[in-house]
Amino acid sequence: MPMAMTASQLRWGWRPPPKQQRRRMAPVVCSVATENAQKKERARLKKLFEEAYERCRTAPTEGVSFTLQQFTDALDKYDYESEVGTKARSFSFTVKGTVFATDAGGAYVDITAKSTAYLPLQEACISKIKKVEEAGIVPGLREEFMIIGENGTDDTLILSLRSIQYDLAWERCRQLQAEDAVVKGKVVSANKGGLVAQVEGLKGFVPFSQISAKSTGEELLEQEISFKFVEVDEEQSRLVLSHRKAVAESQGQLGIGSVVIGSVQSIKPYGAFVDIGGISGLLHVSQISHDRITDIATVLQPGDILKVMILSHDRQRGRVSLSTKKLEPSPGDMIRNPKLVFEKAEEMAQTFRQRIAQAEAMARADMLRFQPEGGLSLSGEGILGPLSSDLPPEGVNLSEVPLAEES
């Protein structure tokens with residue numbers, strides 16, 4: 001149908017374009033309209049995205065009809081797919097397993113997964129055990145596990161308690177190091193450089209320079225002694241311990257004249273070495289009894305439990321001198337009736353300290369008679385100084401009692 005023309009078009013001689021030219025112009029017009037519509041749609045989507053992002057940032061739970069606890073409870077009712085190497089506690093919810101059977105190689109565990117889970121013996125505990133029951137793993141036990149692998153033949157999940165305990169042990173050691181705490185550890189082996197001790201389930205290294213005891217590495221095997229942490233580095237698997245630091249702290253708590261319980265470690269011709277809370281002290285033969293002793297083995301044996309009095313200790317040299325002689329109710333009781341000495345130890349120590357205090361008071365009185373106007377007295381070190389009636393808080397220093405030195 002021919003196109004109608006206006007009067008203006010006729011006046012100026014305008015003629016409509018041919019049909020072929022009109023067909024070429026139609027797609028251009030459509031393309032421009034489509035592009036404008038797409039720009040408007042992109043702008044609308046961008047605005048929706050920005051609004052959604054702002055809601056997620058400022059009010060993520062707005063409009064949610066259930067709580068997080070309800071979501072967690074719902075997930076506990078259904079199976080889930082676990083990734084190898086993930087811990088149950090690493091999820092936002094806790095998943096536990098229940099042991100339903102055991103055998104010589106480990107334990108079978110129900111963790112509500114789509115396949116049976118198995119806990120091998122070597123993964124049941126951080127310590128070496130011969131059967132899982134030694135670690136308290138019995139049917140009915142409900143515990144948290146780590147998935148460490150999968151058996152390709154029957155799709156059985158492989159579990160571990162050892163991995164979780166390992167992480168907890170390192171965390172515990174870091175905490176104890178931060179607290180500068182003294183811990184007990186068992187010496188399990190020795191080498192040229194030092195000792196290997198087990199602390200909090202982990203094996204740590206004790207350089208010989210950090211060992212205070214005079215005993216050799218072989219003599220300390222299987223013994224429990226005190227340690228402090230020097231280095232705790234889980235990434236490098238480095239756990240370094242110090243016996244010397246632990247002993248130094250314990251020695252600072254020893255009071256001259258105090259009574260402590262100790263265990264005889266070894267017998268020498270000149271005396272006995274006694275362990276008093278991780279510190280090795282010397283009970284010299286002359287300080288065992290008022291009666292003469294020719295053979296110490298007739299009175300003491302390794303492993304004997306004694307109550308001993310602290311006579312002196314040299315913190316720098318790590319030497320502690322002990323006495324049971326001062327605790328005898330009657331001369332010779334350590335030979336004839338050591339049980340009585342153990343029972344009366346605190347009473348005799350108190351009596352002994354009182355006698356020393358009285359002797360010191362008499363010495364002060366004698367000095368006052370010679371220097372009444374000056375107000376001077378003789379100190380325990382033999383120094384003349386201002387008069388003071390206060391006794392040292394730890395009691396009378398008995399370090400001046402003559403003792404034979406270790407040969």
Side-chain angles (χ1 to χ4, degrees), residues 72 75-76 78-179 181 183-189 195-206 224 227 229-241:
T72 301
L75 288 177
D76 287 338
Y78 299 95
D79 295 345
Y80 63 94
E81 294 292 337
S82 300
E83 296 182 3
V84 174
T86 59
K87 296 178 187 177
R89 57 181 175 167
S90 67
F91 293 100
S92 60
F93 56 94
T94 301
V95 176
K96 292 186 177 182
T98 303
V99 177
F100 62 88
T102 61
D103 58 19
Y108 295 91
V109 184
D110 175 19
I111 58 171
T112 66
K114 294 181 179 179
S115 59
T116 303
Y118 189 69
L119 176 69
L121 177 63
Q122 64 270 22
E123 294 293 335
C125 185
I126 195 172
S127 303
K128 289 185 178 181
I129 55 177
K130 295 182 178 180
K131 52 184 180 179
V132 294
E133 286 79 4
E134 294 179 15
I137 301 173
V138 295
L141 174 69
R142 188 164 178 79
E143 191 53 85
E144 182 180 349
F145 297 90
M146 178 187 230
I147 301 172
I148 61 172
E150 184 177 5
N151 190 334
T153 58
D154 57 3
D155 295 332
T156 301
L157 293 176
I158 307 300
L159 306 180
S160 175
L161 282 175
R162 178 181 174 275
S163 298
I164 295 178
Q165 295 171 0
Y166 186 77
D167 291 343
L168 292 176
W170 278 105
E171 180 62 29
R172 176 63 176 158
C173 289
R174 285 191 291 268
Q175 179 183 356
L176 292 171
Q177 182 190 32
E179 296 173 356
V183 297
K184 285 286 187 178
K186 185 177 183 180
V187 179
V188 295
S189 63
L195 304 176
V196 177
Q198 192 166 18
V199 178
E200 297 294 326
L202 302 175
K203 289 184 178 180
F205 180 65
V206 191
E224 280 200 355
F227 297 105
F229 292 96
V230 176
E231 182 178 357
V232 180
D233 189 343
E234 182 178 2
E235 292 184 0
Q236 301 295 328
S237 295
R238 283 177 56 85
L239 186 64
V240 183
L241 307 169

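V232 has its side chain within reach of L239: a pair of non-hydrogen atoms, C-beta onward, lies under 4.5 Å apart. Residues I126 and L202 are in side-chain contact: their nearest non-hydrogen atoms beyond the backbone lie under 4.5 Å apart. Contact check for E123 versus I158: no side-chain heavy atoms found under the 4.5 Å cut-off. Using a 4.5 Å cut-off on side-chain heavy atoms (C-beta onward), K203 and S189 make no contact. Looking at E234 and D167, their side chains come closer than 4.5 Å, going by heavy atoms from C-beta outward. In this structure, the side chains of L241 and F229 come closer than 4.5 Å at one or more pairs of heavy atoms. Inter-residue side-chain proximity for Y108 and T156 is flagged as unmet; no heavy-atom pair is nearer than 4.5 Å. Contact check for L161 versus I137: side-chain heavy atoms found under the 4.5 Å cut-off.
Minimum heavy-atom separation, E133 to T102: OE2-OG1, 3.0 Å. The minimum heavy-atom distance between Y166 and S237, with the atom names listed, is OH-OG, 4.1 Å. For the residue pair I148 and S160, the shortest heavy atom distance occurs at CG2-CB, 3.7 Å. Across I147 and I111, no two heavy atoms sit closer than the pair CD1-CD1, 4.4 Å. In plain terms, the two heavy atoms of M146 and S163 that are nearest each other are SD-CB, 3.3 Å. Smallest separation of non-hydrogen atoms from C125 and A135: CB-CB, 4.0 Å.
Residue-environment remark: CZ (R174) exceeds the threshold of 12 foreign heavy atoms within 6.0 Å.
With hydrogens and angles disregarded, no donor-acceptor distance shorter than 3.5 Å links the side chain of E134 to the backbone of I129.
Atom CZ of R142 is separated from atom NZ of K96 by 7.0 Å, given to the nearest 0.5 angstrom. A distance of 14.0 Å separates CG of L176 from CZ of F227, quoted to the nearest 0.5 Å. Separation of atoms OG1 (T98) and CG (L141) is listed at 8.0 Å; rounding is to 0.5 Å. One finds the CG atom of L119 at 6.0 Å from the CZ atom of F145 (value rounded to the nearest 0.5 Å).
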>> Could you go through K184 and E224, starting from their C-alpha distance and side-chain angles, then the distance that decides it, and tell me whether this counts as salt bridge (Lys or Arg N to Asp or Glu O under 4.0 Å)?
In response: CA-CA 6 Å; K184 285 286 187 178; E224 280 200 355; over 6 Å; no

>> Let's go through V138 and V99 carefully: what are the C-alpha distance in whole Å and the side-chain angles of both, what is the deciding distance for side-chain contact (heavy atoms from CB on, under 4.5 Å) to 0.1 Å, and is it a yes or a no?
In response: CA-CA 7 Å; V138 295; V99 177; over 6 Å; no

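With sequence neighbours excluded, the residues forming a side chain to side chain donor-acceptor pair (under 3.5 Å) with E179 are Q175, listed by chain and number.
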